[in-house]
Amino acid sequence: MAYWWQKGIIYQIYPRSFQDSNGDGIGDLPGIIQRLDYLAWLGVDAIWISPFYPSPMADFGYDVSNYTDVHPMFGTLDDFDRLVEESHRRGLRVIIDFVPNHTSDQHPWFQESRSSRDNPKRDWYIWRDPAPDGGPPNNWLSRFGGGSAWEYDERTGQYYLHSFLKEQPDLNWRNPEVRAAMLDVLRFWLRRGVDGFRVDVSFRVMKDPLLRDNPPNPNWREGMDPADRLIERYSMDFAPDIHQFNRWLRQTVEEFGKDKVLIGEMDLPFERMAAHYGKGDELHLPFNFRLLFSPWKADVVRQLIDEYERVLPAHAWPNWVLGNHDQPRIASRIGREQARVAAMFLLTVRGTPTMYYGDEIGMENVPIPPERVQDPWERLAPGFGRDPARTPMQWDDSPNAGFCPPGVEPWLPLAENYRTINVAAQRHDPTSMLTLTRALIGLRRAAPALNRGSIRTLDAPDGLLAYLREAPNERYLIVLNFTDQPQGALLPEAFSSANIVLSTYLDRNELVTNRELRLRPNEGIVAMV
Ligand code: GLC
Ligand code: CA
């Protein structure tokens with residue numbers, strides 16, 4: 001038996017950018033409802049929606065000022081209930097974002113906490129006296145811009161910790177009242193029918209209680225993210241305490257049954273990521289971000305598969321991510337042609353794929369003119385801004401691409417290429433990226449070998465990646481050409497023939513009987529063997 005989140009495909013929606021329903025240039029929950037038929041047609045199994053909670057939007061919703069409501073800009077709780085109902089009616093699960101590490105500085109909890117040293121909520125956040133010289137309590141750096149992670153509060157003469165913006169104070173999960181309040185947030189949404197949570201920077205929630213200084217990073221060079229000047233030994237992935245946090249979440253979601261999914265956001269090497277599965281009592285899917293930070297090369301990706309499969313505990317289910325709202329678009333990172341190969345990889349590899357909205361049509365990074373920059377990270381560390389990958393979904397070739405009404409200015413500029421790169425244009429084009437993505441999704445859903453079979457990588461000539469997916473009575477061979485040159489591969493002797501069922505060019509169905517597989521530049525194929 002397999003759970004839905006093992007067989008299924010997750011589609012991430014950045015709600016500001018998916019569909020505007022009321023003409024303010026910002027996407028919203030009713031807008032998502034309008035597009036559910038598209039998602040059902042595409043064939044994904046679940047949507048994950050980035051935060052839509054009340055928020056001053058210092059970090060576009062990752063600074064929550066009320067965990068149990070909807071920001072009026074995105075709609076109402078009724079809209080949310082309708083979204084869950086309409087999704088479920090179409091067989092789509094709903095995963096929402098849970099942001100446990102920090103609140104907004106406008107959250108009433110923090111307002112109380114900062115009001116005086118003896119406020120009952122003082123200890124809900126991480127407050128410390130200044131160092132003897134008056135400076136911050138330790139050397140930890142904020143992820144955005146790499147300044148100190150501590151902000152001095154005049155009124156009470158202490159510093160508070162913020163791993164991200166100073167408008168995002170870190171919660172103190174060691175306080176049992178914080179724990180109780182935050183776990184109740186999960187219950188609030190579970191009662192409204194959600195199917196799981198994507199847990200924002202889950203690996204940062206527990207810190208060293210002694211707040212020891214982080215050591216310097218010997219590999220840091222000028223031009224790298226200034227926040228990486230230190231190795232975050234004490235400020236993230238602090239074991240074993242972090243595993244206790246994972247178990248709190250797991251126990252809470254299991255009050256609502258066994259098939260609610262917990263996805264943890266973390267950027268860790270495989271062995272440390274694998275620890276977050278626990279003994280099957282922690283997270284279901286610690287995000288695997290390795291593809292986001294590795295060169296797109298056949299031998300590198302083969303190594304990633306092999307290493308990941310080696311370190312995963314037997315009970316653990318893998319997952320893969322190619323893009324999200326924090327990273328440049330895949331089509332811009334590796335080029336349009338290779339983006340098709342990458343889609344074939346994501347949808348044929350073993351493990352739950354998470355797709356980022358717009359990648360199915362090959363959306364690219366959109367250059368943002370300085371006067372339209374929104375992401376605070378861009379202001380703190382120019383070049384690191386995430387706006388280029390957060391632009392409005394390109395639905396059709398009308399003014400504003402069908403995202404918002406003509407004449408309205410969308411919150412971020414549209415891609416210039418939206419007249420050709422859009423859903424409507426690609427839907428009926430037999431060789432488009434969208435047609436390819438949908439064909440891959442259809443194949444994956446239909447083939448047990450692809451959605452839950454085993455995986456084995458094979459030796460292949462330079463520039464080619466080959467692997468087998470196997471289930472009882474079914475075997476698929478995937479060969480991906482990572483180069484822009486034609487390539488040939490000799491099929492292993494065990495396979496006398498291969499029946500090509502899909503090519504990234506979408507023009508090939510053929511039976512290869514002489515063991516000689518020819519691939520065109522940037523071509524990937526799926527074959528039954
Ligand atoms: C996560 C989110 C990112 C956000 C940060 C702080 O990394 O994905 O968008 O800015 O956490 O909450
Ligand atoms: Ca709107």
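One-based numbering, in listed order, for ligands and for the atoms of each. The figures here come from the full heavy-atom set of this structure, side chains too, leaving out hydrogens, waters and symmetry mates.
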Pull out every atom of ligand 1 sitting under 4.0 Å from any heavy atom of [X], numbered as shown with elements.
X: His102; result: 6 (C), 12 (O)
X: Phe144; result: 10 (O)
X: Val201; result: 1 (C), 7 (O), 11 (O)
X: Arg386; result: 3 (C), 4 (C), 9 (O), 10 (O)
X: Arg198; result: 2 (C), 8 (O)

May I ask you to say whether Glu151 pairs ionically with Lys166, meaning some side-chain N is under 4.0 Å from a carboxylate O?
-> no
Specify whether an N/O/S atom of Gly25 falls short of 3.0 Å from the Ca ion (ligand 2).
-> no
Is the Ca ion (ligand 2) less than 3.0 Å from at least one N/O/S atom of Met73?
-> no
For Glu154, look at atom CD and say whether over 12 heavy atoms of other residues, nucleotides or ligands are found less than 6.0 Å away.
-> no
Tell me, please, whether Tyr11 has Arg93 positioned over its six-membered ring: NZ or CZ under 6.0 Å from the ring centre and within 45 degrees of its axis?
-> no
Six-ring centre of Trp395, Arg35 cation under 6.0 angstrom, axis tolerance 45° = yes
Identity of the nearest option to atom 9 (O) of ligand 1, non-hydrogen atoms only, from Val199, Asp375, Asp326 | Asp326
Minimum non-hydrogen distance to atom 1 (C) of ligand 1, winning option of Asn324, Asp63, Asp200 = Asp200
Of all the N, O or S atoms in Asp24, which one sits nearest to the Ca ion (ligand 2)?
-> OD1
